[in-house]
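Here is the structure we will look at.
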2 protein chains.
Amino acid sequence: MARTQGSRSDVTGPRVEAAALKLFARDGYAAVSMRQIAAEVGVQAGALYSYTPDKQSLLFAMMKGHMEDLLEALAKLDSSGPPPARLERFVRFHIGFHAARPEAVFVSYMEIRNLTAENFPVIEALRRRYETALEQILRAGRDSGDFAMPDTKLAAMALIAMLTGVTTWFREGGRLSLAEVEEIYVAMVKKAVGAG
Amino acid sequence: MARTQGSRSDVTGPRVEAAALKLFARDGYAAVSMRQIAAEVGVQAGALYSYTPDKQSLLFAMMKGHMEDLLEALAKLDSSGPPPARLERFVRFHIGFHAARPEAVFVSYMEIRNLTAENFPVIEALRRRYETALEQILRAGRDSGDFAMPDTKLAAMALIAMLTGVTTWFREGGRLSLAEVEEIYVAMVKKAVGAG
DNA sequence: GTCTATACAGGGATAGAC
DNA sequence: GTCTATCCCTGTATAGAC
């Protein structure tokens, strides 16, 4: 049970991830050095390699973790009821989830191109699963006659772009509260897909 | 009139800009080296400094140029007629202009944080002018009763995010033509702002 | 105008002491 | 588990020859 003096692997590991997330989000993956991450954690650069094999793994783990959290949370969302209700829940979920972790969102959308050839498809597949979830709601709504859209795939992309855009400008304590923003987006999205 | 042998300043300068644009768009500003740009142009790294004082100036010039082109083209757009017609023209203009230069768009939206403290506000001001142009159309439409929206500023941000998202997935020769995409977005945007 | 050569700082990652 | 020290590479930018 007793741990070696000075050993804090269980706490330092997460702190490395947190520092990397913070710095990648602020300055971009390519612009951040391992030395900067180490300084943020309060250790020497060499010590980082006890927690990650390399810089790329740090990025990949953070993006994969984010997408998995997103999909896991989505899976817990009530998927019953008529399409308009499902769509409304999706919109609120998306805005809420993304607004709660702006750094992870930012990294996940900006650093895709910095993934290696092996890691990229993994993240891409997770992202596509999320888009498909929205598209299925839209398709169900079109089939039921609740929505009217020429192309559900394109509409799904358009809506996700619109919703994710919130994180680029939303700031707690700004002109509008998150609840107000949610309200406005729900109304706008419903109208966009032709929900009466 | 005779130019020094080997002198091609008038042609090499633009080639440096083009190479920087291509590489910044593909790999990101921070990940691209001056050596890579030089290799793309076919000169040695040192020669680049005949055309730009430094790497940052390359980024700034390309972003400023892009935003100025955008605003200039927007200024030429017919701004007469009722708000729904104006909005439709704006949507078609935005999609068309952005789809025609995906690299410049990509750099302009991704590399904002890599601008220095002096350069950032310049680009930000240009961007805001563009957003304001859309917001004015929305406000005019609300005033005239053509549109229904709780917040024109937020709607403008939402629509621009949605429209700009097109450049992230649109590929010439894909499932839909640009004209089809435009059609669909025009319809979706009009509905989103409550235009009957 | 472009080249070669180079200065100098900083990058990622590893080795071995403690 | 973390440190110091270090390897080797690459980064931006400049100087001076041609």
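Bear in mind the structure is a predicted one, so any value in this text is a computation, not a measurement. Proteins get letters first, then strands, A, B, ... in listed order; numbering begins at 1 in each.
- The stretch residues 107-123 of chain A participates, sequence neighbours left out, in these side chain to side chain donor-acceptor pair (under 3.5 Å) pairs: A:Gln56-A:Asn119, A:Glu111-A:Asn114, A:Glu111-B:Arg113, A:Arg113-B:Glu111, A:Thr116-A:Asn119.
- Rounded to an integer number of Å, the gap from CD of A:Gln44 to C1' of D:dC3 is 7 Å.
- Screening residues 114-171 of chain B for ring-ring contact (aromatic ring centres under 6.0 Å, His included), with sequence neighbours left out, gives B:Phe90-B:Tyr130, B:His94-B:Tyr130.
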Each nucleotide of nucleotides 11-18 of chain D classed B (base within 4.0 Å of a protein heavy atom), S (only sugar-phosphate) or -, in 5' to 3' order, makes BBBB----
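- For B:Phe93, the ring-ring contact (aromatic ring centres under 6.0 Å, His included) criterion is met by B:Phe97, not counting sequence neighbours.
- Taking B:Glu131 as the reference, B:Arg127, B:Arg128, B:Met157, B:Ile160 meet the side-chain contact (heavy atoms from CB on, under 4.5 Å) condition, with sequence neighbours excluded.
- A:Leu48 has its CG atom 10 Å from the P atom of D:dC3, to the nearest Å.
- Legend: residues meeting side chain to side chain donor-acceptor pair (under 3.5 Å) with B:Ser57, ordered by chain and number and at least two apart, are B:Asp54.
- One interatomic measurement links the two molecules: CG of A:Asn114 to P of C:dG12, which rounds to 12 Å at whole-angstrom precision.
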